[in-house]
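Worksheet: one structure, shown below.
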Protein chains: 2
Amino acid sequence: MKTKDPAKDTSYKSKKVISIGIVRELTGLSERQIRYYEERKLVFPERSKGGTRKYSFDDIESLMDIANKIEDGVQTYEIRQEMKKEKQQDYRSIRNKMLRGQLNARFGVQKGI
Amino acid sequence: MKTKDPAKDTSYKSKKVISIGIVRELTGLSERQIRYYEERKLVFPERSKGGTRKYSFDDIESLMDIANKIEDGVQTYEIRQEMKKEKQQDYRSIRNKMLRGQLNARFGVQKGI
DNA sequence: CGTGTAAGGAATTCTGACACG
DNA sequence: CGTGTAAGGAATTCTGACACG
């Protein structure tokens, strides 16, 4: 059994528990940059009650990818578009899986279709 | 290939990146308790340059175990003793593995011995 | 557009101590 | 022994703005 939905997971990688200072150390980015990428909707940290940002390890990986792209001259807007496309991909993939599940439920299991 | 040495690992579980406030939320313990268990040498957070404590997910799991034992009336000193024994176990286990490795290197691979 | 920085304030964390039991 | 708490200070983080390009 695989637990691989690219959504919520009890896993450590996706838990938002890391403060911005640590993210700065781990990514090498400045806090200014990290906050700016949030402003441009490229990362989505959670917030503590007091308002401090909390990131996950996934966020950190994501930030490093973003930083690389920006170094390559890609603009935040374009990166955002790429992300949207990936999300659509994910949805299609999930939709297909569910559909296949439905079919299996009604017509029984068939290997490879 | 398994990367399972109970020591340092590039894994997320063992990275010390979580501040005490988050640990409090995740474990349900008070900061007082968390710091006290450190004083009793049951957990070993790292420190930022400024001196703030940084915990790993492993630490959090460990803290929950500790909390359970204390609820059961086990004293911190006893818990510490248990931990020492476990560590000895680990060392023995590693020593054996290395020894086996040595033997294989010299006398070739034999299944099951 | 992406990033640095100084500014002022608020949230978070730290230590050592007193208290209770 | 294990934990709560008030105290004072230090480290961390936040936002909005000005600057450069």
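Note that this is a predicted model, so its numbers are computed, not measured. Order of the sequence lines fixes the chain letters, A, B, ..., with proteins taken first and strands second; residue numbering starts at 1 for each chain.
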Phosphate-side-chain proximity, B:Y37 and D:dG2, N/O vs OP1/OP2 below 4.0 Å: no
Spacing of B:R24 atom CZ relative to C:dC14 atom P, expressed in whole Å: 11 Å
For atom CZ of B:R47 and atom C1' of C:dT15, their distance in whole Å: 9 Å
Protein-nucleotide distance (B:L63, atom CG; D:dT3, atom C1'), rounded to Å: 15 Å
Distance test, side-chain N/O of B:R35 to OP1/OP2 of D:dT5, below 4.0 Å: no
For atom CD of A:E25 and atom C1' of D:dT12, their distance in whole Å: 12 Å
Whole-Å gap separating P (C:dC14) and CD1 (B:I20): 5 Å
A:S11 side chain vs A:S14 backbone, donor-acceptor pair below 3.5 Å: no
Interatomic distance, B:E31 CD vs C:dT15 C1' [rounded to whole Å]: 13 Å
Atom CZ of B:R47: over 12 foreign heavy atoms under 6.0 Å: yes
Sugar-phosphate, base or nothing in reach of A:R53, heavy atoms under 4.0 Å: sugar-phosphate
Length of the CD1-P vector between B:I70 and D:dT3, whole Å: 5 Å
Intra- and inter-strand pairs of DNA chain C in dot-bracket (Watson-Crick or G-U wobble, both distances under 3.5 Å; | for another strand): .||||.||.|.|.||.||||.
Phosphate contact (C:dG2 OP1 or OP2) by A:T76 side-chain N/O below 4.0 Å: yes
Pair B:D59-B:S62, side-chain donor/acceptor within less than 3.5 Å: no
Contacts of type salt bridge (charged side-chain N to carboxylate O under 4.0 Å, His left out), residue A:K54, not counting sequence neighbours: none
Given C:dC14, D:dT12, D:dC14, the nucleotide with the shortest approach to the side chain of B:S48: D:dT12
Under-4.0 Å side-chain N/O to phosphate OP1/OP2 contact, B:S19 with C:dT13: yes
Backbone N/O of B:E78 and side chain of B:K69: donor-acceptor pair under 3.5 Å: no
Side-chain (A:N104) to main-chain (A:G101) donor-acceptor, under 3.5 angstrom: no
Sugar-phosphate, base or nothing in reach of B:R40, heavy atoms under 4.0 Å: sugar-phosphate
Side-chain donor/acceptor contact of A:R32 with base of C:dT5 under 3.5 Å: yes
Rounded distance in Å - CD (B:E38) to P (D:dG2): 15 Å
Side-chain N,O (B:Y36) to OP1/OP2 (D:dT3) below 4.0 Å: no
Interatomic distance, B:D58 atom CG to B:I60 atom CD1 [nearest 0.5 angstrom]: 9.5 Å
